Colleague: 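Encoded as structure tokens, here's the structure I'll be asking about.
Treat the numbers as computed from the prediction; the structure is a model and nothing was measured.
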Amino acid sequence: MTDLIFATNLVLLAADHLITGFLALFFPRLAVRLYAPVFGVRIPETEEYFAVLKPWGALGLFAGGVGLLPLLDTTKYRAVLIWLVVLLSLRLFYRLKYHKETQKHLSLNPHRNLFHMTLIGVCALLIILQ
């Protein structure tokens with residue numbers, strides 16, 4: 001049962017990265033429209049923001065793809081799990097440290113931010129326990 005929980009965590013985490021990355025890279029206008037209700041932010045539809053979203057999307061695709069490797073062999077891809085925890089920890093750090101700035105510039109909803117921080121923390125904890 002625990003293997004199913006750990007595998008589901010990796011699949012959902014990868015799906016999140018793959019979907020949001022794909023949208024950011026190939027459909028940035030659609031991405032910012034979908035990010036608003038999902039993540040609780042309002043990203044301005046400007047070329048400057050799209051210039052940032054596209055490489056972020058490429059990294060999201062990479063993280064999602066690589067994040068699936070431990071499903072093949074947890075021991076062989078232990079380093080991938082470690083780096084996923086680092087990535088999630090950095091995301092938590094960023095959300096905590098820059099909460100006021102993202103609230104001001106992107107209209108980040110504080111309750112949505114807390115919800116996503118909890119999800120990120122649970123994903124990281126499950127990987128650590130794995």
Colleague: Using residues 30-39 as the side-chain source, report each donor-acceptor pair under 3.5 Å to any protein atom, sequence neighbours left out, with the distance given to one decimal.
Modeller:
from, atom 1, to, atom 2, distance (Å)
R33, NE, E45, OE2, 3.2
R33, NH2, E45, OE1, 3.1
Y35, OH, T20, O, 2.7

Colleague: I'd like to check the side chain to side chain contact (heavy atoms under 4.5 Å, CB included) partners of V86; sequence neighbours left out, ordered by chain and number.
Modeller: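 Applying side chain to side chain contact (heavy atoms under 4.5 Å, CB included) to V86 gives W83, L90.
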
Colleague: Can you name the nearest heavy-atom pair linking L106 to P44, along with the distance?
Modeller: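 L106 and P44 have their closest heavy atoms at CD2-CD, 4.0 Å.
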
Colleague: Taking side chain to side chain contact (heavy atoms under 4.5 Å, CB included) as the criterion, tell me which of L12, I5, V11 meets it with T8.
Modeller: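 Of the listed residues L12, I5, V11, the side chain to side chain contact (heavy atoms under 4.5 Å, CB included) partner of T8 is L12.
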
Colleague: Step by step, would you call Y77 with L68 a side chain to side chain contact (heavy atoms under 4.5 Å, CB included)?
Modeller: CA-CA 10 Å; Y77 295 106; L68 292 171; over 6 Å; no

Colleague: Starting from L126, can I reach L13 by hopping between I/L/V/M/F/W/Y residues whose side chains sit under 4.5 Å apart?
Modeller: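 No, it is not one cluster - the side chains of L13 and L126 are not joined through contacts under 4.5 Å.
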
Colleague: Restricting to non-hydrogen atoms, name the atom on A14 and the atom on G64 that form the minimum distance, rounded to 0.1 Å.
Modeller: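 Closest approach of A14 to G64: CB-O, 3.3 Å.
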
Colleague: Give, for atom CG of D3 and atom OG1 of T74, the distance between the pair rounded to the nearest 0.5 Å.
Modeller: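 Going from CG on D3 over to OG1 on T74, the span is 7.5 Å.
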
Colleague: Count I, L, V, M, F, W, Y as connected when their side-chain heavy atoms are under 4.5 Å apart, and connections chain through other members. Are F27 and I19 then in the same cluster?
Modeller: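 Yes, F27 connects to I19 through the hydrophobic network.
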
Colleague: Mind checking the OG1-NZ spacing from T102 to K97? Nearest 0.5 Å is all I need.
Modeller: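 That separation rounds to 12.5 Å.
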
Colleague: Hey, what's the ring geometry for F93 with Y98, parallel, tilted or perpendicular (30° and 60° as the breaks)?
Modeller: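 Perpendicular.
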
Colleague: Given the rule that I, L, V, M, F, W and Y join up when any side-chain heavy atoms are under 4.5 Å apart, are L92 and L10 in one cluster?
Modeller: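 Yes, it is one cluster - the side chains of L92 and L10 are joined through contacts under 4.5 Å.
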
Colleague: Verify the cluster assignment for L88 and Y94: are they in a single hydrophobic cluster under the rule of side-chain heavy atoms below 4.5 Å apart?
Modeller: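 Per the 4.5 Å side-chain linkage, L88 and Y94 are not co-clustered.
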
Colleague: Apply side chain to side chain contact (heavy atoms under 4.5 Å, CB included) to the pair N113 and M117, showing each step before the final yes or no.
Modeller: CA-CA 6 Å; N113 190 36; M117 285 176 26; 3.8 Å; yes

Colleague: Rounded to the nearest 0.5 Å, what's the gap from SG on C123 to CD1 on I128? Could you check?
Modeller: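 Spacing of SG (C123) from CD1 (I128) equals 11.5 Å.
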
Colleague: With Q103, which of E101, H99, H105 fulfils side-chain hydrogen bond (donor to acceptor under 3.5 Å, both in side chains)?
Modeller: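 The single option meeting the side-chain hydrogen bond (donor to acceptor under 3.5 Å, both in side chains) with Q103 is H99.
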
Colleague: Are the side chain of N109 and the backbone N or O of G40 linked by a donor-acceptor pair below 3.5 Å?
Modeller: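 No: the side chain of N109 does not pair with the backbone of G40.
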
Colleague: Closest approach of G57 and A24, non-hydrogen atoms and distance?
Modeller: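 Reported closest heavy-atom pair: CA-CB, 3.8 Å.
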
Colleague: Hydrophobic cluster membership, with links at side-chain heavy-atom distances under 4.5 Å among I/L/V/M/F/W/Y: are L59 and I43 in one?
Modeller: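 Per the 4.5 Å side-chain linkage, L59 and I43 are not co-clustered.
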
Colleague: Give, for atom CD of Q130 and atom CG of L84, the distance between the pair rounded to the nearest 0.5 Å.
Modeller: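 Taking CD in Q130 and CG in L84, the distance rounds to 9.5 Å.
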
Colleague: About how many Å separate CD1 of I120 and CZ of R91, when rounded to the nearest 0.5 Å?
Modeller: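 Atom-to-atom, R91:CZ and I120:CD1 are 4.0 Å apart.
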
Colleague: Going by heavy atoms in the side chains, are F6 and L129 under 4.5 Å from each other?
Modeller: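 Result yes, sub-4.5 Å side-chain heavy-atom pair found.
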
Colleague: To the nearest 0.5 Å, what is the distance between OG1 on T118 and CG on L125?
Modeller: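 Those atoms lie 12.0 Å apart.
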
Colleague: A side-chain contact here means heavy atoms from C-beta on lying under 4.5 Å apart; do R29 and F50 qualify?
Modeller: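 R29 vs F50: side chains touch.
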
Colleague: What are the two closest non-hydrogen atoms of G67 and P70, and how far apart are they?
Modeller: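 Looks like O-CD, 3.4 Å.
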
Colleague: Which is it for K100 and K104 under the side chain to side chain contact (heavy atoms under 4.5 Å, CB included) test, yes or no, and what are the steps along the way?
Modeller: CA-CA 6 Å; K100 289 181 183 177; K104 177 182 174 185; over 6 Å; no

Colleague: Using a 6.0 Å cut-off, check whether atom CZ of R95 has over 12 heavy atoms from anything other than its own residue.
Modeller: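 Count over threshold, so yes.
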
